[in-house]
Amino acid sequence: MTPRATLAKTVPMSTATLTIDLNAIVANWRALARLARVETAAVVKADAYGLDAAKVGNRLATAGARQFFVAVAEEGIALRRALGAGPRISVFSGHMAGDAEKIAGAGLVPMINSVDQMLRHVEALPGHPFGLQLNTGMNRLGLDPAEWSELHDIALAQNPTLIMSHLACSDAPDHPMNAQQRKTFDEMTQGIDVPRSLAATGGTLLGRDYHYDMVRPGVGLYGGLPFVDAHPVLTLDIPVIQVRTVPVGETVGYANSWTAQRPSRIATICAGYADGLIRAMGPKATLTHEDKKVPVVGRVSMDLITVDVTDLETDPATLQLIGMHQSVDTVAAFAGTIGYEILTGLGNRYARIWRD
Ligand SMILES: *Cc1c(COP(=O)(O)O)cnc(C)c1O
């Protein structure tokens, strides 16, 4: 445990406390692996969705994960430093200009996305492992069918580690795009004896037809939708700075957007949009105290949020935004966004505690 985490446990913090349950992440990884019954990699891009790729990666490696995915080579270098030799670290953005030394130095596996990347890779690092990413309809990354037929023989002659593609609509099980992409993936990889992967979290939940040889969940590990049965990973407890009585007719916060309709107890808590609690969530958001919900009133500001605690019996010392009673996705819904965006946006002002 870091000194900072020890401090946060024993001394009340003025900043909010974000607790990350590493055992829940492991339990989620195991649950997805049990569903898939094939190699289950872990996607730890964007610093493990904001939860610390080194800590998450190490814990999952100890639990048996052997393959990790990051977005860019720089993340791969940091992860390699944390994990040491052994686990495979693959890079979704492939082999970008200037990446050769990073890829070679950290032993990364680029997922080649274009003919240009393929040429760059074989020129700079002949014999160095690589995978291939195919475009099956999302039109974001990967080789198009025409490029793929051009490259197919040369690429396969060099034993790629993996052939992968990505689903655009896997969080909607009934969307016809899922079957369409699967069909395209089958056609593009027919008769090829290389491990294949199509599924992220959503695809893992779509069932056996989508698992191929490897699944690569990200958000499900961190307790987010579409993995509805995930173990909750996060709690976010925010200290109350002060509580005041606001008389009927007075307003709270910027732009006077809320007016007291009854004599109200208003708690001002120590977090705001600079901490990733985005301003758009304001009017719909609630926090919890024990098992009671209390509403946000007025605008979310940079460092502060005001909450109507009139209905609580006593003034609270802290309020909880994420935890047992409200998930990351609940909070995302307040703001009209997705759990991924809330997770990756959680700021660096929190006292973070990794529970293990
Ligand atoms: C981010 C990403 C994943 C993981 O997606 P989740 O929805 O978080 O499980 C898998 N594959 C690719 C290509 C990605 O970009």
Side-chain angles (χ1 to χ4, degrees), residues 25 28-33 35-36 38-51 53 56-57 60 65 67-73 75-76 79 88-96 108-114 117 130-143 161-173 175 177-178 181-182 184-185 195-207 210-231 233-234 327-329 332 337-346:
I25 296 176
N28 289 332
W29 179 74
R30 290 206 170 114
L32 290 165
L35 268 177
V38 294
E39 173 94 44
T40 302
V43 176
V44 294
K45 62 192 181 188
D47 204 21
Y49 295 43
L51 305 185
V56 169
L60 286 173
Q67 298 222 27
F68 294 87
F69 285 86
V70 293
V72 291
E75 292 180 335
L79 186 64
R88 180 181 288 166
I89 302 174
S90 302
V91 182
F92 288 136
S93 62
H95 190 140
M96 294 173 69
L108 307 177
V109 181
M111 294 291 122
I112 299 299
N113 287 300
S114 64
Q117 284 202 347
F130 67 92
L132 294 158
Q133 188 156 195
L134 306 182
N135 175 26
T136 55
M138 189 176 184
N139 289 313
R140 194 177 67 167
L141 284 178
L143 297 151
T161 58
L162 183 73
I163 299 181
M164 60 167 280
S165 188
H166 194 47
L167 296 168
C169 302
S170 67
D171 58 345
H175 203 297
M177 185 68 166
N178 295 318
Q181 283 191 269
R182 183 165 66 84
T184 305
F185 192 56
R196 293 183 292 173
S197 176
L198 182 60
T201 302
T204 305
L205 300 169
L206 289 179
Y210 291 83
H211 296 161
Y212 294 89
D213 303 299
M214 183 210 286
V215 295
R216 16 168 251 277
V219 76
L221 307 175
Y222 312 113
L225 289 177
F227 189 22
V228 283
D229 297 327
H231 299 263
V233 168
L234 284 190
S327 69
V328 169
D329 291 285
T337 183
I338 53 175
Y340 298 72
E341 194 177 21
I342 297 296
L343 272 174
T344 55
L346 292 170

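Quick caveat, the model's predicted, so the values are computed rather than measured. Order of appearance sets the numbers: ligands from 1, and atoms from 1 within every ligand.
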Taking non-hydrogen atoms only, is Arg216 closer than 4.0 angstrom to ligand 1 via side chain, backbone, both or neither? both
In this structure, are over 12 heavy atoms from other groups packed under 6.0 Å from Met214 atom CE? yes
closest protein heavy atom to atom 7 (O) of ligand 1 is Tyr340 OH, 2.6 Å
Find all atoms of ligand 1 within a distance of less than 4.0 Å from any non-hydrogen atom belonging to Tyr49, and give their numbers and elements. 1 (C), 4 (C), 5 (O), 6 (P), 8 (O)
Please say whether Val219 places an N or O atom under 3.5 Å from an N or O atom belonging to ligand 1. yes
Quick note on ligand 1: atoms under 4.0 Å from a heavy atom of Met164 include exactly 13 (C)
Report, in ascending order of atom number, the atoms of ligand 1 lying under 4.0 Å from any heavy atom of Arg140. 15 (O)
Atom 5 (O) of ligand 1: which protein heavy atom is closest, and how many Å away? Ala200 CB, 3.3 Å
Using a strict cut-off of 4.0 Å, indicate which atoms of ligand 1 neighbour a heavy atom of Pro217. 9 (O)
Could an N or O of ligand 1 be found under 3.5 Å from any N or O of Thr201, whether backbone or side chain? yes
Write out the residue and atom name of the closest protein heavy atom to atom 15 (O) of ligand 1, then the distance separating them to 0.1 Å. Lys45 NZ, 2.7 Å
Considering only heavy atoms from C-beta outward, does the side chain of Ser170 approach that of Asn178 to under 4.5 Å? yes
